[in-house]
*Asks:* 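Sending over a structure as structure tokens; questions will come in a sec.
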Amino acid sequence: MSMLEEYVRDLAELVNRDCGTTNCAGVTSAAEVMKRHFESIGWEAELVDLGPTAGRGLICRNKPGSTECDVIFNAHLDTVFPDGTAAARPFSIEGTTAHGPGCSDCKSGVLAIFYACRNARPEDLERLSVWCVFNPDEELGSRASKEWLRELSTHAKAALVFEAARAGGELVRSRKGSSNIRFTFKGLTAHAGNNPQDGRNANVAAMRLALAAYELDDKTRGTTVNPGLIHGGTGANIISDHAEVTLDLRFWNDEDGRELISKIRALAEKTWVEGVTQTIEQLSYSPAMPLSENTRALVEKITDAASEAGFDARWVDAGGASDGNHMAEAGIPVVDGCGPAGGGFHSEREFLRLETVEERIIMIVNLLKRL
């Protein structure tokens with residue numbers, strides 16, 4: 001049986017089980033499958049309890065008990081699909097593509113990590129300490145696992161995230177950081193026709209702030225502000241006494257992010273409509289996964305490893321975040337999109353390009369020679 005035939009057989013086992021993030025038992029069952037695989041090649045494999053809201057995580061080490069590592073390979077075990085999807089749309093192959101829930105996001109990457117480790121040269125595994133880390137809740141922002149990922153990354157020299165490569169095969173060398181910030185405005189209601197002068201319009205304050213925040217975009221630095229949600233008012237003939245604006249911020253490095261957030265917070269100190277007050281709440285924060293000099297060096301090694309595997313590695317910089325952002329906070333070089341290529345994520349159109357499976361596995365085997 002060829003490597004690809006074995007891989008497809010094992011991938012079907014993972015795809016044909018419901019692993020939606022909130023199905024803790026289903027996600028844990030996927031972790032148990034991977035635990036079995038790694039133990040079959042003599043690796044230490046440990047399920048990790050990350051609390052009652054998530055399935056088990058899994059960490060596998062080629063050197064049992066190691067407390068430091070040369071590289072972390074990461075992928076997530078969960079999908080976005082509800083229970084019953086695996087039975088309704090089981091794993092299938094059509095020509096050169098595979099289909100099924102999570103076939104590409106991210107079960108193909110989970111399995112590619114194992115196959116790369118199984119096929120690695122013994123001398124590389126003797127020389128290197130490798131940790132394979134699988135988390136259970138990426139699709140909900142890794143709420144239970146992000147601190148675990150960050151802490152593990154402080155003991156690593158580099159990390160590779162095995163989200164799928166883009167549909168065209170591109171890997172990801174950097175990702176923007178992000179933050180969501182919500183402003184809540186409190187005004188005074190009044191009748192818009194009879195006594196508008198007695199009202200204090202929270203909607204107007206919200207719109208003025210939203211426009212001011214939007215103007216903080218800096219195209220030259222790649223920082224963006226999107227007033228993505230605006231809510232306010234109860235009727236067209238009523239002066240609104242309540243409004244909310246939620247901003248999405250993006251930035252290529254954490255220094256720019258801190259500066260942008262500081263400017264946004266300064267807007268909360270201004271008066272946008274006399275008599276209207278506002279409060280500010282930071283709802284989320286994800287650090288950037290920057291293209292540092294150390295990351296450039298890692299990108300070069302992966303590019304060379306891909307060339308040895310017979311294909312040209314092409315790279316993109318992405319505006320969206322992943323678990324790579326959490327791991328990069330430790331200050332280590334991180335790259336993403338290291339899994340086989342695919343697309344149609346989070347939909348019934350999800351697909352995996354089977355012709356990219358072996359080349360990506362061999363790429364990682366070749367990378368281990370270079371670390």
Side-chain angles (χ1 to χ4, degrees), residues 4-37 47 50 53-58 73-115 132-145 161-169 172 318 320-324 336-358 360-361:
L4 182 58
E5 289 171 331
E6 285 189 87
Y7 178 95
V8 167
R9 177 201 64 196
D10 292 338
L11 183 60
E13 182 183 15
L14 286 175
V15 172
N16 289 336
R17 62 184 64 227
D18 288 318
C19 293
T21 312
T22 58
N23 183 342
C24 296
V27 176
T28 298
S29 73
E32 290 169 340
V33 168
M34 296 311 301
K35 182 175 186 291
R36 184 188 76 223
H37 281 316
L47 293 174
L50 295 168
T53 63
R56 295 293 190 264
L58 176 68
F73 294 153
N74 164 256
H76 64 89
L77 297 160
D78 60 318
T79 74
V80 299
F81 300 103
D83 290 353
T85 306
R89 289 194 296 108
F91 182 80
S92 63
I93 295 177
E94 183 178 348
T96 60
T97 61
H99 303 272
C103 67
S104 194
D105 181 22
C106 178
K107 293 177 181 181
S108 61
V110 168
L111 198 60
I113 291 173
F114 167 69
Y115 270 77
C132 300
V133 179
F134 305 98
N135 56 311
D137 61 340
E138 188 272 346
E139 297 293 3
L140 290 181
S142 302
R143 297 170 188 168
S145 62
V161 180
F162 282 71
E163 293 279 7
R166 300 302 172 92
V172 179
S322 80
D323 284 324
D336 203 343
C338 296
F345 310 135
H346 297 193
S347 77
E348 71 281 358
R349 302 179 302 280
E350 183 175 6
F351 66 91
L352 168 67
R353 289 177 51 199
L354 291 172
E355 77 274 15
T356 68
V357 168
E358 288 187 272
R360 304 296 158 136
I361 292 169

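The chain is numbered in sequence order, starting from 1.
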*Asks:* Applying the side chain to side chain contact (heavy atoms under 4.5 Å, CB included) criterion to Met34, which one of Arg36, His37, Glu32 satisfies it?
*Replies:* His37
*Asks:* With rounding to the nearest 0.5 Å, note down the distance linking CG in Asn23 to OG1 in Thr21.
*Replies:* 9.5 Å
*Asks:* What's the spacing between Phe114 CZ and Phe134 CZ if we round to 0.5 Å?
*Replies:* 9.5 Å
*Asks:* Would you call Glu350-Arg89 a salt bridge at under 4.0 Å N-O?
*Replies:* no
*Asks:* Ser145 and side chain to side chain donor-acceptor pair (under 3.5 Å): which single residue from Asp323, Asp78, Asn135 fits?
*Replies:* Asn135
*Asks:* Between Phe351 and Gly344, what is the shortest heavy-atom contact and its length?
*Replies:* CE2-N, 4.0 Å
*Asks:* Looking at side-chain heavy atoms only, is the closest gap between Leu11 and Leu352 below 4.5 Å?
*Replies:* yes
*Asks:* Less than 4.5 Å apart, any side-chain heavy atom of Val33 and any of Arg17?
*Replies:* yes
*Asks:* For a 4.5 angstrom cut-off between non-hydrogen side-chain atoms, does Lys107 reach Thr79?
*Replies:* yes
*Asks:* Measure the spacing between OG of Ser104 and CZ of Phe345 and express it to the nearest 0.5 Å.
*Replies:* 4.0 Å
*Asks:* Side chains of Val357 and Val8, heavy atoms from C-beta outward: is any pair under 4.5 Å?
*Replies:* no
*Asks:* Taking all non-hydrogen atoms of both residues into account, name the closest pair between Leu58 and Lys35 and its distance.
*Replies:* CD2-N, 3.6 Å
*Asks:* So, for Pro136 and Val27, which heavy atoms are closest and what is the spacing to 0.1 Å?
*Replies:* CB-CG1, 3.5 Å
*Asks:* Can you tell me how far CD1 of Ile361 sits from OG1 of Thr356, rounded to the nearest 0.5 angstrom?
*Replies:* 9.0 Å
*Asks:* Apply side-chain contact (heavy atoms from CB on, under 4.5 Å) to His76 and Asp137, showing your working.
*Replies:* CA-CA 7 Å; His76 64 89; Asp137 61 340; over 6 Å; no
*Asks:* Count the heavy atoms belonging to other residues, nucleotides or ligands that lie under 6.0 Å from CZ of Arg9, then report whether that count exceeds 12.
*Replies:* yes
*Asks:* Using modelled atom types only, decide if a donor and an acceptor are shared between the side chain of Arg166 and the backbone of Val172 within a distance under 3.5 Å.
*Replies:* no
*Asks:* Tell me the closest heavy-atom pair linking Ala167 and Ala341, and the distance in Å.
*Replies:* O-CB, 4.2 Å
*Asks:* Working to the nearest 0.5 Å, report the span between CG of Leu111 and SG of Cys103.
*Replies:* 12.5 Å
*Asks:* Nearest heavy-atom pair of Asp18 and Gly84: which atoms, and what distance?
*Replies:* OD2-N, 2.8 Å
*Asks:* If we only count heavy atoms from C-beta on, is the Arg353 to Thr96 side-chain gap below 4.5 Å?
*Replies:* no
*Asks:* Testing the basics here: between Leu77 and Cys19, what is the closest heavy-atom pair and its distance to 0.1 Å?
*Replies:* O-CB, 3.7 Å
*Asks:* Please state whether the rings of Tyr115 and Tyr7 are parallel, tilted or perpendicular, taking 30° and 60° as the class boundaries.
*Replies:* perpendicular
*Asks:* Please answer whether the main-chain N or O of Val133 pairs with a side-chain N or O of Asn74 as donor and acceptor at a distance below 3.5 Å.
*Replies:* yes
*Asks:* Looking at side-chain heavy atoms only, is the closest gap between His346 and Glu139 below 4.5 Å?
*Replies:* yes
*Asks:* Tell me if a side-chain donor or acceptor on Thr28 pairs with a main-chain N or O of Ala25 at a distance below 3.5 Å.
*Replies:* no
*Asks:* Check the side chains of His99 and Glu348 for a donor-acceptor pair under 3.5 angstrom, ignoring hydrogens and angles.
*Replies:* no
*Asks:* Drop me the distance from Arg143's CZ to Glu138's CD, to the nearest 0.5 angstrom.
*Replies:* 12.0 Å
